[in-house]
Amino acid sequence: MLQRERTIVAGALRSALSQAFGLDHDPVVEVPPQRRLGDLASPCALHLARELRQAPRAIATRLVECLELPEGFERVTVEGAGYVNFHFARSRFAATMIDAVPVARSASVDSRSKVIVEHTNINPNKAAHIGHLRNAVLGDVLARALRQLGQTTEVQNYIDDTGVQVADVVVGFLDLRGCSVADIEALPEPFDYVCWDLYSEVGRWYEADPKRLELRRRTLHALEAGEGRRAEAGRLLARRIVARHLATMARIDIDYDLLTRESEILRLDFFVAAFEQLKETGAVRFEESGKNAGCWVMPLADSEEFQGLEDPDKVIVRSDGTVTYVGKDIAYQLWKFGLLGRDFEYARFDGGPLWETAPSEPEAGDAGDERFGEGSRVINVIDARQAYLQRIVRAGLEALGHRDEARDSIHFAYEMVALSARTAERLGFSGDARLEMSGRKGIGVKADDLLDQLETKSRDEILERRGPDGTDRDDEAASEDIGVLARQIAVAALRFFMARATTTRVIAFDIDDATSFEGESGPYLQYSIVRARNIRRRLREEGLAQEVHRSRVASLPDGVWSDDLWDLVLLASQCQEVVERAAATLELSLIARHAVDLAQKFHAIYHRHPILHEQDADLRDARLAVTQVFERSLQALAQILGVPLPARM
RNA sequence: GCGCCCGUAGCUCAGCUGGAUAGAGCGACGGCCUCCGGAGCCGUAGGUCAGGGGUUCGAAUCCCUUCGGGCGCACCA
């Protein structure tokens, strides 16, 4: 909403600048820190003071004289050091907010293009931990934001089912424990927890006798070839673990459009196609000698961003003929853009709505009209430690002459999640400093454990508020399923915790902090909405109108909008630009922060300005209007954040 | 050695393309439920924005530098 007004103000200022000083200047328009100062402001007089050799306030005053007050504004003032501040005609602007869609299709979105978001990508060999949750929440919130902005978006979850990590657990089952494939199949849930322990056990087993690493190598080959008992065990393992990961993510309302499997990339020779292209364009060369003798390498020395590397060449094909991860990833990235000239075959995963890449089977059903890949922009949500590899993938596209696609290959990098000293110590790990999680060492907090803990705590809090028998003040609330509500609160707490952190910062995961339901938290957002809804319910019960109409708001005297009420209206009008900026800069914490700002303002207003007991009809309707605007705005942001909003708490 | 990220209140962190008095949450202390639900609100205390230079009318923000901390720089993913 506010973007339009910003443009209008900028236009008015520009023509005033032209008229008063004969300048062609593009003025900055911002929101002043306090509402009494105004609603939109420009520091352009400060910027131009040097050029015009005049005092900023004098410039500002002159500007205001020449300024034609734009429609919808009540006055313009000069404030502070020389700011030109615009004040809305409040009732009029508030009325436009009543029916406004808080976050609508963005003008900058091309409806024909598709963005591919890849996230989660957990190695299918053990349970998901909280680090994976950060990845999945960021990816999911990004996808939701893009879709809210009208962008066609496809979410892919890459399954590395032929890598070392899977191989290690296969070795654990077959060699360390002497299991058969049938034994693995018969293991009870939680299968991913079993593998969690086994994986770290295998690590120690290798260390005890390094000759055992030969088993890993042999298993890796079997996985890549897709044949034999080891491959069969690997397929079963990956399939069971993926099912568990999907179940974990479903608990926090995260889903996908497509699972892409590395085994299919190998089976369909995607790399062979990519390799042909790389050789043709000279992007890779064969090393006859040196430390990389016998390998195909991609030279990076010419590229600006790879200066200063010890070894300016990246191995793509090893001397034994196998392909490195980067090689496979370049092929996969080409496919995402529709540049490979090959496609997967598709089937439903476990007969559900989710698609996976798979050998087509007669009964499995093919994708029909479903078309995957062929994105115009690809956003890979991968932690910051892999920045180097992501840059090489991009350089690969560049070397193949796909400049646009290289530019549109975006690495959404975020920092890792470590354990806080306090939490690490409580879990029995040595914790003198922040502790990095490690699947190999078995250090970490499992995602499902954290979710269980959050749900238990939610349930306790609900029961505490409702009394020991779980009944509320009335029958409707008593019949509510406390389990459902507890889950909603847990989801809100977790998702908000992950979404509010700036991506460039390492999260020091603290269990107390993460399970807090007070202050800046998901439940705090939920509670604010519950309060807004309660007001309207109470109005209904009292036989009063629970909504105020736009035309009524427009006719209110401007004096009813005290600065604190007005602040919330103005904040609500910024939802669209906040979400657009978040999506453009991949700084999704902006959305979470904005949601908290809104909720904080509303909670404060709630205590200061009663609605039900207000006798003055104008005041009551203004407050009701603010409540409506708040509700709509926070609902829109909560939808993007994936924070569910319960009817009661 | 080269590159990226971080250093703001006791703790965890915001601070938008340089701008108005550096803000939240947690913790501490003190208040507020005969009044729309206290998962809330109001107030108090707490800051050499790591240090030092520079650019500017103006720097937490931009540049240089020093010091701390984290992460990368594989024929592993």
Side-chain angles (χ1 to χ4, degrees), chain A residues 28 30-34 37 41 43 46-47 49-50 55-56 79-83 85 121 123 160 163-165 262 291-297 305-311 314-320 322-326 328-329 383-389 413 415-416 418 420 422 433-434 436 458 461-462 464-465 472-473 489 500-508 510 512-513 516-521 523-524 526-528 530-532 534-539 541-542 577-578 581 585 587 589-590 593 596-597 600 603-614 627 648-649:
Chain A
V28 172
E30 55 196 27
V31 177
Q34 283 171 36
L37 295 170
L46 283 72
H47 293 160
R50 191 173 161 83
E79 306 280 353
Y83 289 89
N85 289 22
N121 303 2
N123 280 310
D160 181 7
V164 186
Q165 317 236 7
E262 182 162 284
K291 71 188 271 273
N292 293 329
C295 299
W296 286 87
V297 302
E305 60 176 334
F306 291 103
Q307 291 309 304
L309 287 179
E310 273 178 41
D311 181 0
K314 177 69 192 174
V315 172
I316 301 296
V317 178
R318 302 181 187 103
S319 52
D320 67 359
T322 59
V323 184
T324 61
Y325 163 78
V326 185
K328 286 179 271 196
D329 223 33
D383 79 76
R385 287 173 294 188
Q386 303 206 41
Y388 167 67
L389 292 167
E415 281 293 340
M416 62 168 184
S420 75
R422 194 167 48 164
R434 287 179 178 184
E436 185 187 349
S458 303
E461 297 261 341
I462 295 163
E464 193 179 314
R465 282 167 177 76
D472 205 341
R473 294 183 311 265
I489 293 169
R500 73 168 179 173
T502 312
T503 53
T504 50
R505 272 186 113 102
V506 176
I507 291 182
D510 188 85
D512 294 327
D513 199 11
S516 166
F517 294 168
E518 290 166 9
E520 292 175 352
S521 70
Y524 180 87
Q526 294 177 311
Y527 191 57
S528 68
V530 165
R531 281 186 145 168
N534 275 344
I535 292 171
R536 302 208 291 125
R537 180 174 55 85
R538 292 282 290 121
L539 287 168
E541 287 169 5
E542 298 291 325
E577 58 186 54
V578 166
R581 191 149 54 92
T585 61
E587 190 47 85
S589 61
L590 293 172
R593 301 272 165 204
V596 174
D597 283 351
Q600 278 178 338
H603 275 304
I605 288 169
Y606 176 89
H607 284 276
R608 270 198 297 268
H609 303 289
I611 294 176
L612 198 60
H613 301 282
E614 178 55 55
T627 304
R648 309 241 178 128
M649 286 178 75

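Residue numbering restarts at 1 for every chain, and letters A, B, ... go by the order of the sequence lines.
- With sequence neighbours left out, the side chain to side chain contact (heavy atoms under 4.5 Å, CB included) criterion links E614(A) to D616(A), L619(A), R620(A), R623(A).
- Checked against side chain to side chain donor-acceptor pair (under 3.5 Å), T322(A) has the following partners two or more places apart in sequence or in another chain: R318(A), D320(A).
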Q. Under a cut-off of 3.5 Å for both distances of each Watson-Crick or G-U pair, what dot-bracket string does RNA chain B give, using [ ] for crossing pairs and | for inter-strand pairs?
A. (((((((..((((.....[...)))).(((((.......))))).....(((((..]....))))))))))))....

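- E542(A) pairs by the side chain to side chain donor-acceptor pair (under 3.5 Å) definition with R538(A), not counting sequence neighbours.
- Candidate nucleotides C5(B), C35(B), C75(B) were compared by shortest atom distance to the side chain of K291(A), and C75(B) ranks first.
- Judged as a salt bridge (charged side-chain N to carboxylate O under 4.0 Å, His left out), and not counting sequence neighbours, E587(A) has no contacts.
- For Q386(A), there are no side chain to side chain donor-acceptor pair (under 3.5 Å) partners two or more places apart in sequence or in a different chain.
- For R385(A), the salt bridge (charged side-chain N to carboxylate O under 4.0 Å, His left out) partners at least two apart in sequence or on another chain are D383(A), E436(A).
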For nucleotides 55-58 of chain B, give me every protein contact, N/O to N/O, under 3.5 Å, one pair per line with atom names.
{"unit_1": "C57(B)", "atom_1": "OP1", "unit_2": "R50(A)", "atom_2": "NH1", "d": "2.3"}

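- For D510(A), the salt bridge (charged side-chain N to carboxylate O under 4.0 Å, His left out) criterion is met by R422(A), not counting sequence neighbours.
- Among residues two or more places apart in sequence or in another chain, the salt bridge (charged side-chain N to carboxylate O under 4.0 Å, His left out) test is passed with E30(A) by none.
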Under 3.5 Å between N/O atoms: give me all the protein pairs with nucleotides 23-30 of chain B, atom names plus distance.
{"unit_1": "A24(B)", "atom_1": "O2'", "unit_2": "E520(A)", "atom_2": "OE2", "d": "2.5"}
{"unit_1": "A24(B)", "atom_1": "O2'", "unit_2": "Q600(A)", "atom_2": "NE2", "d": "3.0"}

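- Evaluation of the side chain to side chain donor-acceptor pair (under 3.5 Å) rule for E461(A) yields R465(A) as partners, not counting sequence neighbours.
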